Protein chains: 2
Amino acid sequence: MNIGEAAARTGLPAKTIRYYEEIRLIRPHRAANGYRFFSDRDLHKLSFLARARALGFSIEDCRMLLALYEDETRASADVKRVAEGHLRRIDQKIADLKSMRETLSELVEACAGDHRPDCPILKGLSAEPARMPG
Amino acid sequence: MNIGEAAARTGLPAKTIRYYEEIRLIRPHRAANGYRFFSDRDLHKLSFLARARALGFSIEDCRMLLALYEDETRASADVKRVAEGHLRRIDQKIADLKSMRETLSELVEACAGDHRPDCPILKGLSAEPARMPG
DNA sequence: ATGGGCCTTCCAGTATTGGGAAGGTCAAGA
DNA sequence: TCTTGACCTTCCCAATACTGGAAGGCCCAT
């Protein structure tokens with residue numbers, strides 16, 4: 001199939017599929033007219049990539065996972081290691097965002113949000129960060 | 001003070017400070033030799049930027065917040081609106097990450113992580129996403 | 001004069017696309 | 001057969017928010 005159909009079937013934009021070829025995640029064949037030709041196997045790989053990306057894996061993680069996926073002699077431990085590393089990064093990001101959220105929501109709640117210029121949010125951003133006593 | 005001292009005092013890399021000048025977030029004066037010269041006011045603005053960035057505000061949000069910071073006649077409602085918008089984006093990101101985390105941790109827990117090739121993680125990435133019954 | 005540590009500008013790269021221009025190909029209809 | 005429109009191609013630029021490095025100027029101390 002051509003790239004348009006591959007895009008429709010995987011949900012990936014054609015642009016993204018071309019990019020994945022450029023960085024050698026996939027290597028579709030070419031028809032005589034120069035059009036990319038995607039086999040069912042290519043389609044499976046694209047779907048795999050779409051799902052891995054949706055779970056937030058980086059392109060390089062995806063490259064590793066795809067290689068493991070295609071290696072019948074892989075050890076599941078190798079896959080698990082990649083996934084656990086990603087899980088830790090996700091947890092770190094969640095923790096960072098929660099910390100930001102907490103600080104920011106305190107400032108937002110303290111702000112009257114009216115016509116007056118006095119604003120705890122701006123005060124909080126311009127002051128030294130509050131430190132826990134002790 | 002020169003850029004090195006401004007960097008040391010704000011915790012921002014000199015490169016980042018130059019970038020902030022390039023995109024016109026700050027406009028330090030220049031000494032006769034061409035070196036940037038940072039006033040205390042510039043330093044306050046840099047610290048403000050550092051804190052806003054640490055809370056995850058985008059550069060464009062920072063530009064807006066800085067303008068409000070410098071506008072004595074601002075309405076706190078305008079500041080609050082920017083902050084609330086950011087808070088919503090943070091909540092959305094947290095929700096997305098939690099959703100990823102949940103799916104991924106299920107796969108990781110199901111994976112033996114040994115020398116055998118059988119791997120629920122790869123299966124999960126290659127299969128249609130599970131759908132709730134109903 | 002020399003050396004080291006500042007400072008300057010400019011160029012290029014990161015990761016992952018998205019947008020769009022300029023042009024080739026194909027299938028269907030008049 | 002010609003045209004139209006939907007595909008497809010490559011190439012270049014934009015975005016975010018920096019980060020690295022090269023080449024060279026400035027300043028101070030020895």
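Every value quoted in this text rests on a predicted model; they were computed, and no experiment measured them. Residue numbers start from 1 in every chain, and the chains themselves are labelled A, B, ... in the order their sequence lines are given, proteins ahead of strands.
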Quickly, which of B:R89, B:R53, B:H86 forms a side chain to side chain donor-acceptor pair (under 3.5 Å) with B:D61? Name it, please. B:R89
Just the table, please: protein N/O against nucleotides 2-6 of chain C N/O, every pair under 3.5 Å.
none

Taking the side chain as every heavy atom from C-beta outward, state whether A:V82 and A:D78 have any atom pair closer than 4.5 Å. no
Measure CD1/B:I17 against P/C:dT8 and give the value in whole Å, please. 10 Å
Salt-bridge present (A:D114, A:R116; N to O < 4.0 Å): yes
Would you indicate, yes or no, if D:dT9 has its OP1 or OP2 atom less than 4.0 angstrom from a side-chain nitrogen or oxygen of A:R18? yes
Short question: side chain of B:D71, backbone of B:L68 - any donor-acceptor pair under 3.5 Å? no
Reading nucleotides 12-23 of chain D from the 5' end, what letters show protein touch, with B for base, S for backbone sugar-phosphate only, - for no heavy atom under 4.0 Å? -----BBSBB--
So does A:R63 pair up with A:E60, basic N to acidic O under 4.0 Å? yes
Are the side chains of B:K123 and B:C119 in touch, meaning some heavy atoms are under 4.5 Å apart? no
Answer yes or no: is there a side-chain heavy-atom contact under 4.5 Å between B:L125 and A:L55? yes
Is there a side-chain contact between A:L122 and B:R74 (heavy atoms, below 4.5 Å)? yes
Between the side chains of B:S39 and B:D42, is a donor N or O closer than 3.5 angstrom to an acceptor N or O? yes
Consider salt bridge (Lys or Arg N to Asp or Glu O under 4.0 Å). Of B:R27, B:R30, B:K15, which one does B:E21 pass it with? B:R30
Contact check, residues 22-34 of chain B vs DNA chain C, heavy-atom distance under 4.0 Å, returns B:R30, B:G34
Over all strands shown, is A:R36 touching base, sugar-phosphate only, or nothing at heavy-atom distances under 4.0 angstrom? sugar-phosphate
